[in-house]
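Working notes, beginning with the structure itself.
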There are 2 protein chains.
Amino acid sequence: MDGGLMARKVTSLQVAERAGVSQSAVSRVFTRGASASPATVAKVKKAAAELGYRPNAMARAMITGKSRMIGLVVAYLENQFYPEAVERLSNALQERGYHVLMFMASPTAGDDVQSVMEEILDHQVEGIVLASVSMSSSLSTRCAEHGIPVVLFNREQDDPRMSAVTTNNYGGGFAIGTHFAELGHSRIGYIAGFEGASTQRDREQGFRDGLASAGLDLSAREVGNFIYADARAAALEMCAGTDRPEAIFVCNDHMAFAVMDALRFKLGLRVPEDISVAGFDDVPIAAWPAYDLTSYRQPINRMVAQTVEALMQRIEDPTRPAHRAKLEGALIQRGSTAPAKG
Amino acid sequence: MDGGLMARKVTSLQVAERAGVSQSAVSRVFTRGASASPATVAKVKKAAAELGYRPNAMARAMITGKSRMIGLVVAYLENQFYPEAVERLSNALQERGYHVLMFMASPTAGDDVQSVMEEILDHQVEGIVLASVSMSSSLSTRCAEHGIPVVLFNREQDDPRMSAVTTNNYGGGFAIGTHFAELGHSRIGYIAGFEGASTQRDREQGFRDGLASAGLDLSAREVGNFIYADARAAALEMCAGTDRPEAIFVCNDHMAFAVMDALRFKLGLRVPEDISVAGFDDVPIAAWPAYDLTSYRQPINRMVAQTVEALMQRIEDPTRPAHRAKLEGALIQRGSTAPAKG
DNA sequence: CTGAAAGCGCTAACAA
DNA sequence: TTGTTAGCGCTTTCAG
């Protein structure tokens, strides 16, 4: 029984007429927490099923002021970390009855984020997640005024009103630094991400401090901008000469793959025999035997859970202070790093 | 000047009062194609800027019946082909003034798609894109009744009312088949995707027919379900024994990487010297030197363009017939396939 | 428990 | 060109 009455748009009024009740009775039957007698519920549900009625989420949102939509701005989808995050975030939100309005942003163009955010706000989202994207402080002010909670995912900002969920990037960089020191390497290279990103800055500072704690220093540094091709060029620049490093920390896995590819297939070097490489994120590909990449794992499940939690709390109570979570990750040692040759 | 008047929700009425005009005058200024005198426009824009007013997209949508939202259901985000498609689709839609309401679906659970689609419809989207997901015919009937255009992306269905954009999967499989034949291989293996997927069926049939056209036949077949771990197991099952194939066609690149990893690092085989491997999709990773995978390229830009086109046409004119595009791809020969040893 | 009535913020006739 | 008016489909008082 599909009752295909070919009604273009079935409204609660039509259901009411068919069920012989008032329109508001229909509304009550479909509103959680409203009361109706079993008899009415039965009549209404029957009529609704016959007509194929479903409440119009937009009309409901207008009244209640709750759209049940969360805006998600994302960039760098070619880095496997983000599709994974988007998938889990979307699922977690769906479980809570929220839906995701998604926007792509180019990470380096701040202007872009501005306009995209305005459009999101126009759609009356109840909250916004910015993944791998920063925002101007004037924009964060506007969101605060609108009372719309914003959570930065895998990025930080100085503005303390801004909620942010990150891994301890400094700690992760530090761990890689001491790992290299323990392996006995002394000529060390670093390939940076996009310089404007807090993750890049924190990981580099942690790495430098980790090296320093063992009396070591960086001897080479290039910039890869979180882009495969840039990272490849950076690796060649760093390692094509005679005084190449013994170990390189690459600011994320996505670039580390480019570096390993360049070292192995362009320069004919072996990893880890000739040179050690470590990344950051621990995306699934890092575990594939072709790379078997040592990396610092971001606790993506906990990051997503914290993000959702931060959102829900501030939606319920907008006066709550910003939620700033800095989670611990874990060094995953694999075959791309090895002790210095005796 | 940010005019932070801390108004939680600025409405057109407030703008009207401040500008000394009627509420509908404000509406006209913000409605494309409505007329207002330069003087009114100036007054209204000024007041709006001071108040930080932006039209409520939902209220507008209720009146006009156009939400400017497209629902996107997607699965298999770990296969790089889909994040790439999502990114381009989202961008193309944004350019046309549409926004994307995104949902994750588990590809094997048809039930799941059903409920997710209902939720999407509740939000009054103007169209739906199903990427790597099929739907029951009863569901497609419902969408037809609602007058909501649905486009299948990278998947086909028998129902002719359903728009679908695909690559010529049969042709792609055929091309791989003849490629193997030309290389002189005779013991041939195939690793299938999820058996319920039209892409899997079409690629396999094309491949078999391609082989047949050269007098060849399949000598081994396993199922990888589009999942890395399953594909790995399939490869081991197929190649661990003594009578392994000389060449394997894997139904998509994502699984082909698993197969190459298993052959090289578990079985100690060389690709292509000991065994040739080809995939399908030509995702960016296929071009990375670690894999250098021969593949059949899907014309993703044209697929996205066709999808958007199909959507826009049927939104404008719902009576238009379904749009079924089957695009030609291209065989990309790389280093993972080589001639049979003399 | 139920129906009538009042809007949510906006656009689209319709007069003026 | 403008203001007035009538809703879009729904939830939510408020009487009954």
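Below, chains carry the letters A, B, ... as their sequence lines are ordered, and counting in each starts from 1.
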Between D:dG9 (P) and A:Phe30 (CZ): distance, integer Å
16 Å
Classify the side-chain pair B:Ser115/B:Glu119 by whether it contains a donor and acceptor separated by less than 3.5 Å.
no
Rounded interatomic separation in angstrom, taking CZ from B:Arg32 and C1' from C:dC10:
18 Å
For B:Asp122 and D:dG9, give me the distance from atom CG to atom P, rounded to whole Å.
15 Å
Is the side chain of B:Gln157 donor-acceptor paired with the backbone N or O of B:Met162 at a distance under 3.5 Å, no angle test?
no
Would you kindly give the NZ-to-P distance between B:Lys66 and D:dC8, to the nearest whole Å?
17 Å
Sugar-phosphate only, base, or nothing, as touched by B:Thr64 at under 4.0 Å among non-hydrogen atoms:
sugar-phosphate
Sidechain-backbone polar pair: A:Gln23 side chain, A:Ala16 backbone, donor-acceptor under 3.5 Å
no
Rounded to the nearest Å, what distance is computed from the NE2 atom of residue B:His123 to the C1' atom of nucleotide D:dC10?
14 Å
Earlier contact from the 5' end, DNA chain D, for B:Val21 and B:Ala59
B:Val21
Candidates D:dC8, C:dT2, D:dC10 - which lies nearest the side chain of A:Ile63:
D:dC10
note: A:Glu17, atom CD; D:dC10, atom P; distance rounded to Å ~ 13 Å
When you measure from the side chain of B:Ser37, which nucleotide among D:dT2, C:dG9, C:dC1 comes out closest?
D:dT2
Where the side chain of A:Ser163 meets the backbone of A:His323, is there a donor-acceptor pair that is under 3.5 Å apart?
yes
Salt bridge present between A:Glu309 and A:Arg96 (N-O < 4.0 angstrom)
yes
Just the rounded figure in Å: distance from C1' of D:dG9 to CE of B:Met62.
4 Å
What is the distance, rounded to the nearest whole Å, between atom CD of B:Gln23 and atom P of C:dT11?
8 Å
Considering only D:dG3, C:dG9, D:dC10, which nucleotide approaches the side chain of A:Thr11 most closely?
D:dC10
Contact class for B:Ser27 vs. all strands (heavy atom < 4.0 Å): base, sugar-phosphate, or nothing?
base
Do any side-chain nitrogens or oxygens of A:Thr40 fall under 4.0 Å of OP1 or OP2 in C:dT2?
yes
Of A:Phe194, A:Phe81, A:Tyr76, which is the lone residue that meets ring pair (Phe, Tyr, Trp, His ring centres under 6.0 Å) with A:Phe226?
A:Tyr76
Counting heavy atoms from C-beta on, name the nucleotide in D:dT11, D:dT4, C:dC10 closest to the side chain of A:Thr31.
D:dT11
Is the side chain of B:Glu126 donor-acceptor paired with the backbone N or O of B:Arg68 at a distance under 3.5 Å, no angle test?
yes
Give me the distances for all protein-to-nucleotides 13-16 of chain C N/O pairs that come in under 3.5 Å?
{"from": "C:dA13", "atom 1": "N6", "to": "B:Arg28", "atom 2": "NH2", "distance (Å)": "3.3"}

Between C:dC10, C:dA4, D:dT12, which nucleotide has the shortest distance from any of its atoms to the side chain of B:Arg60?
C:dC10
